Every structure is written in C-alpha cells, then in structure tokens.
**Student:** 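Okay, here's the structure, questions in a sec.
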Amino acid sequence: YPTWKRTLARRARESQMKRFCRAQAIQRRLEEIEVTFRELEQQGIKLEKLLRDANESPADQQTQWTNQLLYLVQKKNNLMTEESDLMIAVQELKLEEQQCQLDEKLRSYMNKEDTLKTSEDEKAEQEILKQLVEVVNKRNVLIQLQEEKRLSEL
C-alpha cells in the first residue's frame, strides 16, 4: 500500500471527522435556538396579555412593555436568520460529504490502468464525473446565496 494512498486515506478520515464535528455543533446550536424560540414565545405571550389588560396601567408602563415586546421580536428575527444560516451550512456539509465520496470513487476508477478498464468502468467513471460536477455546482449556488445574504445584511 503506497504511502500516498495512506496519506489520502488519512486526510479523508480527518476531513470526515471535521465535517462530523461541525455537523454536531450545528445540531447543538439548532437545538439551542429551538429552546430560545420557545422561551421568547412564552415571554411574548406574557407581554401581549399585559398589554391587552393594560387599560388602567400607566402609559410609561405600557411603553416599557411595548419596547420589551419589540426587543423580543428583534431577537427572534436574529435567531431566525442564524437558523437559516445554519440550515445552509448543513446543506453545504451534505454536499461536501457527497463530493468527497464521489472523489474517492472517481479516484479508484482513474487509478485503474486504461487497458484494464471495461466499457462499464468508463461509463461509471463518466457518470461519477457528471455527478461530481453537479455537486460542485450546487455548492457554488449555496456559496453565492450566502454571499448575497451577507451583502444584503450590510
């Protein structure tokens, strides 16, 4: 087993572990966001009830409740934006994993001697190459989407 093959295999495992760790971190953050959403909803419901029943409350108290409600809405919007970004990151991780698998398959076909390749091997190699191009294009679309989103936020 040549050294370069062992090196490629090790790097593939390392990148797979990095993707796995990133996926776990994203999942944890999505769960945290979900919990925070619920908490914000509960706080918002309480504030709305206070505002509805605030006929005899002082005006400055009503203003304070309204400001708190607006702050909760802003915080919820920020969390929704973060959740959207994380969902894009999840898609990107899936495509990255798919690309690595296709790279590995393609490499196995390309490492085969041309004289030993059957017509099925050549068709499979072309199909994998086609799929690889599709995955790269999908990743490119995601990156462009992120860039457009970033620019619109500025």
Side-chain angles (χ1 to χ4, degrees), residues 4-111 123-154:
W4 65 272
K5 284 186 179 181
R6 284 194 305 264
T7 303
L8 283 176
R10 182 176 40 81
R11 286 185 183 161
R13 283 191 308 272
E14 288 171 358
S15 65
Q16 186 176 22
M17 283 303 298
K18 285 180 185 177
R19 283 191 302 277
F20 180 73
C21 290
R22 267 184 64 205
Q24 281 185 322
I26 289 171
Q27 185 61 39
R28 273 193 304 273
R29 183 61 189 141
L30 286 170
E31 290 168 2
E32 290 170 2
I33 287 173
E34 186 64 33
V35 169
T36 307
F37 269 147
R38 284 192 216 112
E39 291 171 358
L40 292 175
E41 283 290 325
Q42 294 303 314
Q43 292 173 7
I45 290 170
K46 289 177 186 175
L47 285 170
E48 283 182 33
K49 284 181 182 177
L50 288 172
L51 282 169
R52 285 191 190 127
D53 301 336
N55 294 337
E56 49 292 322
S57 297
D60 60 332
Q61 182 68 45
Q62 290 179 9
T63 304
Q64 183 182 5
W65 289 336
T66 304
N67 287 340
Q68 287 176 348
L69 190 60
L70 291 173
Y71 173 74
L72 291 179
V73 169
Q74 181 184 17
K75 199 170 181 181
K76 187 174 177 184
N77 286 341
N78 290 341
L79 285 174
M80 288 176 74
T81 301
E82 183 181 356
E83 184 180 42
S84 171
D85 291 343
L86 290 172
M87 295 309 288
I88 290 172
V90 166
Q91 287 298 319
E92 193 174 350
L93 278 174
K94 286 180 182 178
L95 290 172
E96 197 175 314
E97 178 67 27
Q98 195 176 4
Q99 182 179 350
C100 285
Q101 290 172 354
L102 290 171
D103 276 341
E104 197 172 303
K105 286 180 185 177
L106 184 62
R107 196 173 293 114
S108 71
Y109 280 113
M110 293 178 99
N111 285 337
K123 286 178 187 175
E125 185 178 340
Q126 290 302 314
E127 183 60 32
I128 291 171
L129 191 57
K130 181 180 157 190
Q131 290 174 359
L132 190 57
V133 169
E134 288 175 13
V135 168
V136 169
N137 287 335
K138 287 178 184 177
R139 285 185 69 192
N140 188 38
V141 167
L142 281 178
I143 291 169
Q144 287 176 346
L145 179 69
Q146 285 177 317
E147 185 63 20
E148 288 172 10
K149 193 173 181 182
R150 185 187 68 80
L151 291 174
S152 70
E153 289 173 359
L154 292 176

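If you're wondering where the values come from, they're calculated on a predicted model, not measured in any experiment.
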**Student:** Report yes if the side chains of Lys105 and Gln131 come closer than 4.5 Å at any heavy-atom pair, otherwise no.
**Tutor:** no
**Student:** Applying side-chain contact (heavy atoms from CB on, under 4.5 Å), can you list everything that pairs with Val90, at least two apart in sequence or on another chain?
**Tutor:** Ile26, Lys94
**Student:** By side-chain contact (heavy atoms from CB on, under 4.5 Å), which residues pair with Lys49, not counting sequence neighbours?
**Tutor:** Ile45
**Student:** Which pair of heavy atoms, one from Leu95 and one from Val135, lies closest together, and at what distance?
**Tutor:**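 Where Leu95 meets Val135 most closely, the heavy atoms are O-CG1, 3.3 Å.
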**Student:** Roughly how far, to the nearest 0.5 Å, is the CG atom of Leu8 from the CD atom of Glu104?
**Tutor:**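 With rounding to 0.5 Å, CD (Glu104) is 9.5 Å from CG (Leu8).
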**Student:** Which residue pairs pass the side-chain hydrogen bond (donor to acceptor under 3.5 Å, both in side chains) test when at least one of the two sits in residues 140-154, sequence neighbours left out?
**Tutor:** Ser84-Lys149, Asp85-Lys149, Glu147-Arg150
**Student:** Applying side-chain contact (heavy atoms from CB on, under 4.5 Å), name anything that partners Glu39, two or more places apart in sequence or on another chain.
**Tutor:**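 side-chain contact (heavy atoms from CB on, under 4.5 Å) list for Glu39, sorted by chain: Val35.
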**Student:** Ion pair present between Glu127 and Lys123, side-chain N to carboxylate O less than 4.0 angstrom?
**Tutor:**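 No, this pair does not count.
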**Student:** Hey, is Glu134 close enough to Lys138 for a salt bridge, meaning N to O under 4.0 Å?
**Tutor:** no
**Student:** Hey, could you give me the CD1/OG distance between Ile128 and Ser108, rounded to the nearest 0.5 Å?
**Tutor:** 6.5 Å
**Student:** Among residues at least two apart in sequence or on other chains, which ones pass side-chain contact (heavy atoms from CB on, under 4.5 Å) with Glu32?
**Tutor:**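 Checked Glu32 against side-chain contact (heavy atoms from CB on, under 4.5 Å); matches are Arg29.
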**Student:** So, using side chain to side chain donor-acceptor pair (under 3.5 Å) as the criterion, who are the partners of Gln99 when residues are at least two apart?
**Tutor:** Arg139
**Student:** With a 4.5 Å limit on heavy-atom distance, are the side chains of Tyr71 and Gln68 in contact?
**Tutor:**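 Heavy-atom side-chain distance check fails, nothing below 4.5 Å.
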